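To keep things clear, I will list the structure first and then write my remarks on it.
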Amino acid sequence: MFTPYLLMVLFFLSMGFLGALGAGLTSAGWMAWFNGLPWLRVHFITVGVLLELAFGALPFLARAHDGEAPRMRWDIWLALNAGLLLLLIGIPLVNPSLLISGGALIFAAATLLLLQLGQGWGLTFGRLIIRSGRNFYMAALLYLLLGVFLGSGLWLGWGQSLGIANPKEVHVHSNLWGFTALLFAGLLVDLHPRIGQRPAVWTHSTTAIFWAMALGALGLVIGPWIQLNALTAAGLLLHTAGTLLLLVTVVRSRQQDWTAGHWHLVSAYVWFLLPVVVAPLIVANVDRLAVQNVEQSGAPILIYGWILPVTYALIPYLVTRLHDPDRPAPLGGNRLSLSTIHAGGIAYALSLFLGVQTGLLQALAFSLWAVSMLPALRNLWQLLARRAARQPAARTLI
């Protein structure tokens, strides 16, 4: 049942590899920039790999607590992928009609998924005590709906109509600190006892993590909406506190025999927490050139340094758990992907803060990030090959 989504994960990760490779060549001056290429690179990962993984896995994980096996919702799959296709065509063409249509289809798919996750569960946010990742998933989807709505509205001037001081920033915050951060937190909450191979510790921390991250993301959305920096800073601090508590909980569940996959999950958050360091510099107006570079061009650090390594680790684990629950589920990633993902992050960060030889440093960064994708692509091919080999005996899974 997860296979159609897995195929699309492979497709978008392959396109992400080509996009990173192309960015390396263009940064080095060996290839001309293509129209919309930076936005395409971002969306291959954020709305391609990430959404396909989320939409495929969340029905299984959310219903696991009820002991029910969800059915394949082809309406959701078709709406999501038709929307992504329109976005991929509309971005390089800068065609508002295609971009708005694509956003509307993704919005519809996310709404249907939210309704599917909420079936038979009542009012999820009326429960102050959080015991599973399901609350995280539903909150993440609500932020995704807002992010998609505002992203589509960038082409129609909705930001001005809604009184949004910085529509693009609100869109980015909703998608990254809202949807992505809460999605990953929910996955780690649900999976870390099995990943760590020991009972969960600090069981009551789940409630604190959820509310800190959910309300922190709300501050990060409303702050730039009404241009109130104090609210943005408060949201960032609250969200960071929840994230740090999450990481401590995950680390305490695994105290020995750390694999590259475990290091991917934890060390990726070094790059996610980088804005916490940069934010005071923005407020204090220290080293304005470096800060301006981070504000305008810092997104790839979050995309490649945080989102990609977490997906490297989780994709093989989720596929094995969902399709072969009796087999030990390994985390993905190896020493090559781990070393190149962080080396690329360091090279890119240096290009932003130093401001010297930016082209060569960014070419190095994107090339290293492209290399980091190779083990994940190989692993995905192997997983799909095993699925194809078992297909005659497992037709009911699709």
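Quantities reported herein were computed from a predicted structural model and do not represent experimental measurements.
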Sequence neighbours left out, cut at 3.5 Å: what donor-acceptor pairs do the side chains of residues 212-228 make with other protein atoms?
unit_1: W225; atom_1: NE1; unit_2: L162; atom_2: O; d: 3.4

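- Inter-residue side-chain proximity for V310 and L188 is flagged as unmet; no heavy-atom pair is nearer than 4.5 Å.
- With hydrophobic clusters built from ILVMFWY side chains whose heavy atoms lie under 4.5 angstrom apart, L273 shares a cluster with V172.
- Atom CZ of F179 sits about 8.0 Å away from atom CZ of F184, to the nearest 0.5 Å.
- Follow the hydrophobic side-chain contacts under 4.5 Å out from L18 and you never reach L368; the two are in separate clusters.
- Counting heavy atoms from C-beta outward, Q362 and L352 have side chains that approach closer than 4.5 Å.
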Validation: residues 42-51 side-chain donor-acceptor distances under 3.5 Å, sequence neighbours left out:
unit_1: H43; atom_1: ND1; unit_2: W39; atom_2: O; d: 2.8
unit_1: T46; atom_1: OG1; unit_2: V42; atom_2: O; d: 2.9

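- Distance OG1/T26 to CG/L21: 9.5 Å, rounded to 0.5 Å.
- Counting non-hydrogen atoms of other residues, nucleotides and ligands closer than 6.0 Å to CH2 of W263 gives a total of 12 or fewer.
- Cluster annotation: L377 is connected to M15 through the hydrophobic network of ILVMFWY side chains, with a link wherever side-chain heavy atoms come within less than 4.5 Å.
- Formation of a donor-acceptor pair under 3.5 Å by the H171 side chain with backbone atoms of G147 is found in this model.
- Residue pairs satisfying the side chain to side chain donor-acceptor pair (under 3.5 Å) criterion with at least one member in residues 305-318, sequence neighbours excluded, are listed as follows: Y312-S372.
- If you run side chain to side chain contact (heavy atoms under 4.5 Å, CB included) between Y304 and each of W271, F366, Y348, only F366 comes through.
- Between the CG atom of N334 and the CG atom of N379 there is a distance of 9.0 Å, given to the nearest 0.5 Å.
- Judged by distance alone, the side chain of S174 and the main-chain N or O of V170 form no donor-acceptor pair under 3.5 Å.
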